[in-house]
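As structure tokens, the structure follows; a few thoughts come after it.
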Amino acid sequence: MEYNFREIEAKWQKFWHENQTYKTNNSDNRPKYYILDMFPYPSGAGLHVGHPLGFIASDIVARFKRLQGMNVLHPMGYDAFGLPAEQYAIQTGRHPEDTTRENIARYRQQFDRIGFSYDWSREIRTCAPEYYKWTQWVFLQLFHSWYNCDKQKAEHIDSLIAHFEQEGFNDDLHRYLTGDIEHDLKPFSASDWKQFSEKEKSDVLLNFRLAYLSEAWVNWCPAMGTVLANDEVKDGVSERGGYPVERKRMPQWSLRITAYAERLLSGLDTIDWSESMKEAQRNWIGRSEGTSLKFQLDGHAQSIEVFTTRPDTIFGVSFLTLAPEHELVDQITTAEYRNAVSDYINEAKKKSERERQADVKKVSGQFTGAYVLHPFTQAKVPVWIGDYVLAGYGTGAVMAVPGHDSRDYAFAKHFALPIIEVVKGGDLSVESYDAKTGELVNSDFLNGLDVKAAVRKAIEEIEKHGIGKGKINYRLRDAAFGRQRYWGEPIPIYFKDGIPCPLAENELPLILPQVDKFLPTETGEPPLARAANWKYQDKYDYEWTTMPGWAGSSWYFLRYMDPHNSTEFVAQEAANYWKNVDLYFGGAEHATGHLLYVRFWTKFLFDIGKIQVDEPAQKLVNQGMIQGTSMVGHVRVERNAGEEEKYILLPPGKAIKDETFHKNYLIDFVEFADGKYFIDQNGAAKTRAKEATFRNYHLSADRIELTPATEKMSKSKFNVVNPDDICDQYGADTLRLYEMFLGPLEQHKPWNTNGISGTYNFLRKFWRLFYDQSGNLLLNDASAEKAELKVLHKTLKKISEDIEKFAFNTCVSSFMIAVNELSDLKCHKRTILEPLVIALSPFAPHIAEELWSKLGHTTSVCLERFPKIDTSYLVEDTFDYPVQINGKMKFKHTASLQDTPAQIEAGILASDEGQKYLEGKTPKKFVVVPGRIVNIVV
RNA sequence: GCCCAGAUGGCGGAAUCGGUAGACGCGCUGGUCUCAAACACCAGUGGAUUCACUUCCAUGCCGGUUCGACUCCGGCUCUGGGUACCA
């Protein structure tokens, strides 16, 4: 009986399904373990071999934790709202709901074929109304909350209203304002508050709500009638279609994540995530300590506020730079400069934020004609605008100190502005001196101090004069939460006389309505504006934007705990039992998106008392990306009777002309020979038949070499490898082992099936410990020899240690070594093989179940316990010491592990080899590391 | 530009605390079995040198620390990822 993976895998997948082997209960006397994968977006291309890498790893850990006697929660679901489905709907008219459902069905089939141990009764889909009802519910909680910075937690908005009713709002309470829109709010008294209209009250409260409506800068594409992400904009035009894009201020729903900046930062110290991941979040949050400082405008009532981390350089200020979008620019620009300024602003508008930040070399700016007065010297300081200053960061204005800031230096040099030295230590004729050490000069009351002391003194003086105060600033911005899209959660808000009003909880879910087209309206309103009579109580317009892709994923880990609850987002008992994720697997690319938002929502739900944990995941593991191999050819376009004919050319370097381009070619019909890749006429004909894109592609010779390139796996690059194909050919167990065997989990690596036969052979060899080639059972009940027990326990020890370290590649190696050694020992003993089957079951569950049943068991191997490791079999009494001469290994010397270094030294000196290598010389030094090595220095 | 990660045979990779560099697998070479092939099994396989014993060179590059460095330190090159004119 040969190893027949097709039969075995189908049999056990059916068994697990019928017996609900992986169903998990929310109460149990075993310790809990929650292991989660970042759920996938169900794309039309299906799963490729890159997806399962993390899923297989987490499945191994989940199965291992079960064997260790834990109650394991290991669920899977779908992040099902998103742009690709909507884009497809725009092109084809098919409803995203239908295509998404089909894609999910395909994903599920592929998942099942790989033998994952998910509890599918807990599956969630973010696009299901039963799910997004609760996403909308969280939004309402955010809307009804404000951040009390005195208590450092979110509270119901009523406590703030009570405050206003008693005391109104004064300058002292400015500290409660945490977001980007604080400049607008003027003080008011308690009686003012009481006399405010509903609209006025609503506007005031929007400055505090954690979900709020405000104006925000976006990339607006008038031709498409929509807002674009930074990636969708290239060189000032939309990537799709090439339409002009400009920066525009639009009303936007935002979430006040900035209120949580400090806690998002300090919380990192409590979780076991990789240092690089934490660093990414720290850099994103970007805490900096400095001073806010007001510069009085010359001839205007207003002042310009700046934030600086270098108040010590206040006497080095030679100009101010405002972001072109700064609200004061229009008012302060003098008639003389009006045209130049508005030209500059128009140019800046065409650039995306990313583009403005990318070009470090090119300096641009424009003088406004206005001046501010230096707060200490009263000197007139010119006010410029420059696109290196971003409106969204700090106050959107910089006090420029060209002597000690390289960007300001470049700006000053370019426009011939004065450069003043205020800290000694550099040569300002060459470059700015940015270091934070040195003695202050040219700085009045700061002269003679070092930088640190000068910073303190400057803040002191600034505060004394009432022109500013010490402040902590964050780079983090509030998160834009509205999208001009159809395929997302509707925001549960309607507008009554211009006032945004929340739905009541019992009115949820607000179901996504049907629309005739998935496009903006002719007047540029979002797609939801097309929905017929989509009004609250038939009267009031609903909010037309939908939630962003990250909304549903910001709390999904909680829903898995209690996925079918129709009265609560999660039952208290379930939330208190599972608490948070013990081990979270996912890609590092989510560092500053999903992983920051989910931490924010978790802290918020903790604040309002809905859950007992304030971090979503205790430990995080990032798996690397599996890249694909693309076949790249050079293509030349020729016109033939009006029809374009494209020719794939001879090898690179020959006959390549200017008008050629690179084309990724289908890997399916490429021939591999002598380490090179070729396509011939036959392959080209098959390609034309298979993919419409290649209809007009021909070869310029009978056989052409293609160049391999390693890049991200993607349908459009024709380099996707489908796990189904591997399952067909080798089976799921081989796929699982091979993906783990490829290398360390976190590392990026190209997919290459060259070595897959090795893991397949290993499984067959394992099988042959039970059956000989003619199918006779070899298993026997003889008692085990010491050598066999040693192999077993050495392997068990290595496996359990390496799983904890997520070193799955070396786990597979050590299984291979064990099977090789047991084969050499001709060991077919139940006492050895039975524990080994259990240890293998997390990695290759199908074959493990089959052999477990062949061993005579009637229950699943998944329900067993991991075998106990007996290290006494591993103890040695002698050791083969490698003996080095001057650090180079020369020979081995066997000695008892009981021997003292002196005894070992004597033994080596007396041995033939010792004599030979020393040639009668006396060693200068004799190093003996017991149980490790000997090094003789001569 | 800055931050993070990485670089080891023909290939994927191993080396857990500074201690035998190349485990394990692929590929390749030779052999056994076979009419032949496939499978399986056995042996070999970093490079140079040598008939051989041996010796030398080897973990991106250059230095350093150490009895001993893939591992630690300083400098550099390249690759991948992230990303801010962050004041």
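Below, chain A is the first sequence line, B the second, and so on; all start at residue 1.
Base orientation of B:rG46: anti, the glycosidic angle falling outside 90° of 0. Nucleotide B:rC53 carries an anti base; the chi torsion (O4'-C1'-N9-C4 or O4'-C1'-N1-C2) is more than 90° from 0.
Taking a pair as Watson-Crick or G-U wobble with both distances under 3.5 Å, the runs of three or more consecutive pairs in RNA chain B are B:1-7 with B:77-83, B:10-12 with B:24-26, B:27-32 with B:40-45, B:46-48 with B:55-57, B:60-64 with B:72-76.
B:rA7 atom C1' lies 17 Å from atom CD of A:Glu746, rounded to whole Å. The distance between atom CZ of A:Phe806 and atom C1' of B:rU16, rounded to the nearest whole Å, is 16 Å. Note: CZ (A:Phe295) to P (B:rA87) measures 16 Å, nearest angstrom. Nucleotide B:rC4 holds its P atom 19 Å from the CG atom of A:Leu595, rounded to whole Å. A straight line from OH of A:Tyr760 to P of B:rC39 spans 12 Å, rounded to a whole angstrom. A straight line from CZ of A:Arg287 to P of B:rA87 spans 13 Å, rounded to a whole angstrom. Atoms CZ (A:Arg932) and C1' (B:rU20) sit 11 Å apart, rounded to a whole Å. Nucleotide B:rA87 holds its C1' atom 13 Å from the CG atom of A:Asp312, rounded to whole Å.
Taking the P atoms as reference points, B:rG10 lies 13 Å from B:rU59, given to the whole Å. The P atoms of B:rG27 and B:rG82 are separated by 34 Å, rounded to the nearest whole Å. As rounded to the nearest Å, B:rA5 and B:rA21 have C1' atoms that lie 23 Å from one another. The P atoms of B:rG60 and B:rU71 are separated by 8 Å, rounded to the nearest whole Å. Nucleotides B:rC2 and B:rC76, compared at atom P, are 10 Å apart to the nearest Å. Rounded to the nearest Å, the gap between the P atom of B:rC39 and that of B:rU29 is 14 Å. Between B:rU16 and B:rU77, the distance separating the two C1' atoms is 30 Å to the nearest Å. Only the C1' atoms considered, B:rC17 is 27 Å distant from B:rG12, to the nearest whole Å.
Ring-centre distance between A:Phe319 and A:Phe411: below the 6.0 Å cut-off.
Checked by atom type, the side-chain pair A:Tyr738/A:Asp733 shows no donor-acceptor distance below 3.5 Å.
Dashed line: the shortest gap from a side-chain N or O of A:Arg768 to OP1 or OP2 of B:rC41 is under 4.0 Å. For B:rA87, neither phosphate oxygen OP1 nor OP2 lies less than 4.0 angstrom from any side-chain nitrogen or oxygen of A:Arg475. Contact check, A:Gln747 against B:rG80: no side-chain N or O comes under 4.0 Å of OP1 or OP2.
For A:Tyr730, the ring pair (Phe, Tyr, Trp, His ring centres under 6.0 Å) partners at least two apart in sequence or on another chain are A:Tyr760. The salt bridge (Lys or Arg N to Asp or Glu O under 4.0 Å) test applied to A:Asp802 returns A:Lys798, A:Lys805, not counting sequence neighbours. Partners of A:Phe808 according to the ring pair (Phe, Tyr, Trp, His ring centres under 6.0 Å) rule, which considers only residues two or more places apart in sequence or in another chain, do not exist here.
With B:rG12, B:rU55, B:rG13 as the candidates, the nucleotide lying closest to the side chain of A:Leu742 is B:rG12. Between B:rC56, B:rA14, B:rC3, one nucleotide has an atom nearer to the side chain of A:Pro744 than all others, and that is B:rA14. For A:Lys888, the listed nucleotide lying nearest its side chain is B:rC57; candidates were B:rA21, B:rU16, B:rC57.
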Do nucleotides 23-34 of chain B as a string where each nucleotide becomes B, S or -: B if the base has a protein heavy atom under 4.0 Å, S if just the sugar-phosphate does, - if no protein is that close.
BBSS--------
At under 4.0 Å between heavy atoms, how does the protein contact nucleotides 62-67 of chain B? Give one character per nucleotide, 5' to 3', with B, S or -.
-----B
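Under the 30°/60° scheme for interplanar angles, the aromatic rings of A:Tyr881 and A:Phe879 are found to stand perpendicular. By the 30° and 60° cut-offs, the orientation of the rings of A:Phe815 relative to A:Phe843 is perpendicular. In this pair, A:Phe295 and A:His374 present their aromatic rings perpendicular. The plane angle is above 60°, beyond the 30 to 60° band.
As judged by a 4.0 angstrom heavy-atom cut-off over every strand, A:Lys924 is placed among residues making no nucleic acid contact. Contact annotation for A:Arg764: backbone-only contact, meaning every heavy-atom pair under 4.0 Å involves sugar-phosphate atoms and none involves a base.
More than 12 heavy atoms of other residues, nucleotides or ligands sit less than 6.0 Å from atom NZ of A:Lys278.
A 4.5 Å side-chain heavy-atom check between A:Leu737 and A:Leu735 finds every atom pair outside the cut-off.
Looking at A:Thr313, A:Val451, A:Val423, A:Leu440 one by one, the single match for side chain to side chain contact (heavy atoms under 4.5 Å, CB included) with A:Leu446 turns out to be A:Leu440.
In terms of position along RNA chain B, the nucleotide closest to A:Gly743 lies nearer the 5' end than the nucleotide closest to the other residue of the pair A:Glu801 and A:Gly743. A residue-by-residue look at A:Trp284 and A:Val934 shows that A:Val934 has its nearest nucleotide of RNA chain B further toward the 5' end.
A:Asn935 places a side-chain N or O within 3.5 Å of a backbone atom of A:Gly887 that can act as its donor or acceptor partner. With hydrogens and angles ignored, the 3.5 Å screen pairs no side-chain donor or acceptor of A:Glu421 with any backbone N or O of A:Gly403.
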Start with the C-alpha gap between A:Lys794 and A:Glu821, add the side-chain angles, then the distance that decides, and say whether salt bridge (charged side-chain N to carboxylate O under 4.0 Å, His left out) holds.
CA-CA 12 Å; A:Lys794 179 181 77 180; A:Glu821 289 177 349; 3.0 Å; yes
